[in-house]
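Computed from a predicted model, the values in this text were never measured in an experiment. Numbers for residues simply follow the sequence, beginning at 1.
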Amino acid sequence: MDFELRRAREKLEKEQKDRKEKARLRLERERRSKQEATRQREAIEAAQRTRRIDAMEAQLKAEQQMEEDIFAGRGISFNRVLEAVPFEGSGDKIKLPPSCFSELSDQGAFDKGPLHFQLSVNHQDQGSTHAGVLEFTADEGTVGIPPHIWNNLYSKQDPSTPLVEIKYVWLPKGTYAKLQSQELGFSDIPNHKAVLETSLRQHATLSQNDILTVKHGVLTFHLLVLELKPLESVSVLETDIEVDIMGPDSLPEKSNQHVLKPLAFGKSETGIINEGEYAYYKFSIDDETWQGITCGDVEIEVTLDSEANADTDLYLSRHPLLFPNTHQHGWSSHDVGSKCLVLGSKDHTLGPGSYSVGVYGFKGTTKYHVSVTVKEVSKSNSGQQPASSSSHGLTSTADTLECGNCKHYIPVRTIALHEAYCRRHNVICQHTGCGIVLRTEEVKNHVHCGKCGLAFHGTEMEKHMKVFHEPLRCPCGVVLEKTQMVQHQSSECALRLVTCRFCGDMVQAGSLASDTRDRLRGLSEHESLCGSRTAPCDSCGRAVMLKEMEIHQVAVHQKS
């Protein structure tokens with residue numbers, strides 16, 4: 001009986017314990033459920049609060065950005081993200097779609113002067129640049145980007161889908177710019193600031209850290225914009241900018257274009273030249289030296305020496321011809337061995353200024369020495385000339401007779417002995433116009449060119465034929481020999497570089513202007529277009545075309 005009661009009590013206690021445990025677990029689950037519900041509710045509220053804050057910040061930022069855009073655009077708000085499409089063009093002017101024209105026109109942007117835009121790569125921290133607008137003919141959703149803008153926005157590896165953010169901005173007119181050339185030789189260009197000015201006419205803006213590409217004939221220079229005033233981005237339309245141009249910080253390891261190395265008077269420069277290549281140097285004749293040359297006291301001597309197993313040629317030109325060559329040069333020397341060019345007062349093409357010296361590897365690879373010296377002219381040379389003429393028998397006297405062989409006048413007392421010796425050892429060249437007296441052993445090496453008739457040593461004839469009589473092809477298609485080619489490229493070739501009388505830049509001569517009045521003035525196609533620009537008259541302030549300025553001064557202001 002007691003056993004059964006004990007079993008019943010234990011069973012009851014166990015059931016009560018199980019009920020309590022179940023109740024505890026239920027309460028624990030309910031507590032956790034309430035906590036989870038509270039946490040989820042708080043998370044939802046926090047997310048909603050964050051979204052509200054983000055929305056408010058985005059709205060505030062958008063309003064602030066709009067205010068900044070309106071301020072930057074002086075009341076014009078224009079912002080587009082378009083796909084960049086490259087096109088071949090010069091300068092920094094982009095092509096926009098017609099819808100941009102409508103949007104800008106509706107806001108009165110065209111009444112506020114030239115249009116300027118800030119361009120930046122969308123969603124990328126690559127900086128920005130600025131541009132003007134060329135036309136509104138691009139496809140909708142795209143923007144035409146010229147090479148200048150493209151190279152300043154993107155790296156060498158073009159993006160697959162370039163998106164550009166375009167924002168209308170107002171830019172002040174620039175007053176100062178500091179530029180740094182990335183290559184040597186930009187300052188060697190005659191009137192290089194005029195060349196830069198011509199290049200900037202194709203631009204509407206300049207931005208700090210941009211690379212400006214300037215082309216001059218076959219040369220290409222890249223100028224880094226270091227500093228601008230009054231702001232880091234300025235307009236260059238209808239404004240005068242003070243420009244400082246610096247050279248590169250370090251010498252480039254290798255350049256794909258020629259460079260003029262300085263050549264000091266009296267100091268020899270040494271180098272190695274390969275066959276078919278050119279090396280260039282420069283020197284200047286100052287006013288003091290030029291005064292000595294015009295007085296006949298001094299002369300300029302340019303010498304070139306090379307090793308015996310190879311050969312070089314010497315070319316010389318006066319700026320603006322920077323790099324003399326076989327086709328274009330002012331002076332040249334093609335002698336076998338040492339070369340020497342002497343420039344003195346009798347040379348009418350000489351004058352004060354800068355000159356270029358070209359060393360050309362004619363045959364083989366050789367080490368050379370080039371130098372320029374200022375030498376005094378000996379005054380005794382003129383007094384020795386009559387004695388020299390008399391010694392060669394150019395005049396006769398009563399006590400002389402003409403030698404039947406060498407045609408020199410010899411004293412009568414020795415004429416028989418002289419003729420016997422002269423006929424045995426001397427031979428007269430029978431070539432028309434030559435008549436030079438040669439030693440018997442020299443006859444075999446004395447030859448005349450079959451084309452021009454000039455006399456040479458036998459070893460020099462091969463080079464003479466190659467240099468002077470081998471046909472040369474001009475880039476314009478004309479084929480001429482050396483002498484005619486130099487004349488052709490100096491005064492006839494349409495591709496030759498000439499100095500524009502209006503902008504000062506070196507441009508291709510081209511053909512005469514299509515306008516009859518401009519042709520009568522002797523203007524080229526470039527000068528006809530360049531001279532159509534207007535400038536204020538210094539006397540009356542009236543805007544006059546540059547090509548009409550001289551006539552205007554004479555007709556209106558009676559200035560000759």
Side-chain angles (χ1 to χ4, degrees), residues 61-155 157-174 199-213 225 228 231-239 529:
K61 186 176 181 180
E63 293 175 354
Q64 184 178 0
Q65 184 65 43
M66 183 176 295
E67 292 178 358
E68 291 178 356
D69 292 347
I70 293 176
F71 178 77
R74 296 295 176 94
I76 307 298
S77 177
F78 175 86
N79 197 313
R80 287 282 191 95
V81 176
L82 302 173
E83 180 181 353
V85 177
F87 75 91
E88 290 300 323
S90 302
D92 66 345
K93 297 178 182 178
I94 60 177
K95 296 180 181 180
L96 291 174
S99 60
C100 295
F101 175 86
S102 302
E103 183 175 346
L104 290 166
S105 180
D106 292 342
Q107 298 186 56
F110 295 96
D111 299 331
K112 295 184 178 292
L115 302 181
H116 301 123
F117 300 91
Q118 180 183 1
L119 285 75
S120 55
V121 180
N122 196 32
H123 302 306
Q124 294 186 29
D125 187 16
Q126 291 191 8
S128 62
T129 187
H130 292 76
V133 61
L134 180 64
E135 55 190 35
F136 293 89
T137 59
D139 295 335
E140 290 296 334
T142 66
V143 54
I145 302 291
H148 169 77
I149 300 296
W150 189 277
N151 295 333
N152 283 299
L153 279 179
Y154 300 107
S155 59
Q157 185 175 2
D158 295 337
S160 55
T161 55
L163 294 178
V164 177
E165 182 179 4
I166 302 172
K167 184 188 304 181
Y168 174 90
V169 294
W170 176 88
L171 294 179
K173 291 186 177 182
S199 179
L200 284 177
R201 285 201 200 98
Q202 301 172 337
H203 289 253
T205 67
L206 270 184
S207 297
Q208 195 165 304
N209 297 324
D210 273 3
I211 298 292
L212 182 66
T213 301
V225 182
L228 293 170
L231 296 179
E232 293 184 353
S233 298
V234 297
S235 171
V236 295
L237 295 175
E238 299 178 355
T239 182
L529 180 63

*Who pairs with Gln118 by side chain to side chain donor-acceptor pair (under 3.5 Å), at least two apart in sequence or on another chain?*
Ser128

*asked:* Is there a side-chain contact between Glu83 and Val143 in this structure, where contact means two heavy atoms from C-beta onward sitting under 4.5 Å apart?
replied: no

*asked:* Checking Phe87 now: which residues fulfil side-chain contact (heavy atoms from CB on, under 4.5 Å) with it, not counting sequence neighbours?
replied: Lys95, Leu134, Pro146

_Looking at every non-hydrogen atom in both residues, tell me the closest pair between Trp150 and Ala84 and how far apart they are._
CZ3-CB, 3.8 Å

_In terms of relative ring orientation, are Phe110 and Phe101 parallel, tilted or perpendicular, with 30° and 60° separating the classes?_
tilted

*Residues in side-chain contact (heavy atoms from CB on, under 4.5 Å) with Ser207, at least two apart?*
Thr129, His130, Asp210, Ser233

_Please enumerate all residues that pass side chain to side chain donor-acceptor pair (under 3.5 Å) together with Glu103, with sequence neighbours excluded._
Arg80

*If you measure from CG on Leu104 to CZ on Phe78, what distance do you get to the nearest 0.5 Å?*
5.0 Å

_Contacts of type side chain to side chain donor-acceptor pair (under 3.5 Å), residue Glu232, not counting sequence neighbours_ = none

*Could you check Asp92, Val234, Thr205 and say which one makes a side chain to side chain contact (heavy atoms under 4.5 Å, CB included) with His116?*
Thr205

*Report the distance from atom CZ of Phe117 to atom SG of Cys100, rounding to the nearest 0.5 Å.*
7.5 Å

*Do any N or O atoms from the side chain of Asn152 and from the backbone of Ile211 form a donor-acceptor pair under 3.5 angstrom?*
yes

*Could you pull out the closest heavy-atom pair between Val236 and Leu200, with the gap in Å?*
CG2-O, 4.3 Å

_Test item: Leu119 and Ile166 side chains (from C-beta on) under 4.5 Å apart, heavy atoms_ = yes

*Can you name the nearest heavy-atom pair linking Gln208 to Leu228, along with the distance?*
N-CD1, 3.6 Å

*So how far is it from Leu115 CG to Leu171 CG, rounded to the nearest 0.5 Å?*
11.0 Å

_Distance check, rounded to the nearest 0.5 Å: Ser77 atom OG versus Lys167 atom NZ?_
9.5 Å

*Where is the tightest heavy-atom contact between Gly132 and Ala204, given as atom of each residue plus distance?*
CA-CB, 3.9 Å

*Mind checking what makes side-chain contact (heavy atoms from CB on, under 4.5 Å) contact with Pro98, not counting sequence neighbours?*
Glu140

*asked:* With rounding to the nearest 0.5 angstrom, report the NZ to CD distance, Lys93 to Gln202.
replied: 8.5 Å

_Restricting to side-chain contact (heavy atoms from CB on, under 4.5 Å), what partner residues turn up for Pro147, sequence neighbours left out?_
Glu88, Asn151

*For the residue pair Leu96 and Ile94, what are the closest heavy atoms and their distance?*
CD2-CD1, 3.9 Å

*Give the minimum heavy-atom separation between Tyr154 and Pro162, together with the two atoms involved.*
OH-CB, 3.0 Å

*asked:* Rounded to the nearest 0.5 Å, what separates atom NE2 in His203 from atom NE2 in His148?
replied: 5.0 Å

_Between Leu82 and Val164, is there a side-chain heavy-atom distance shorter than 4.5 Å?_
no

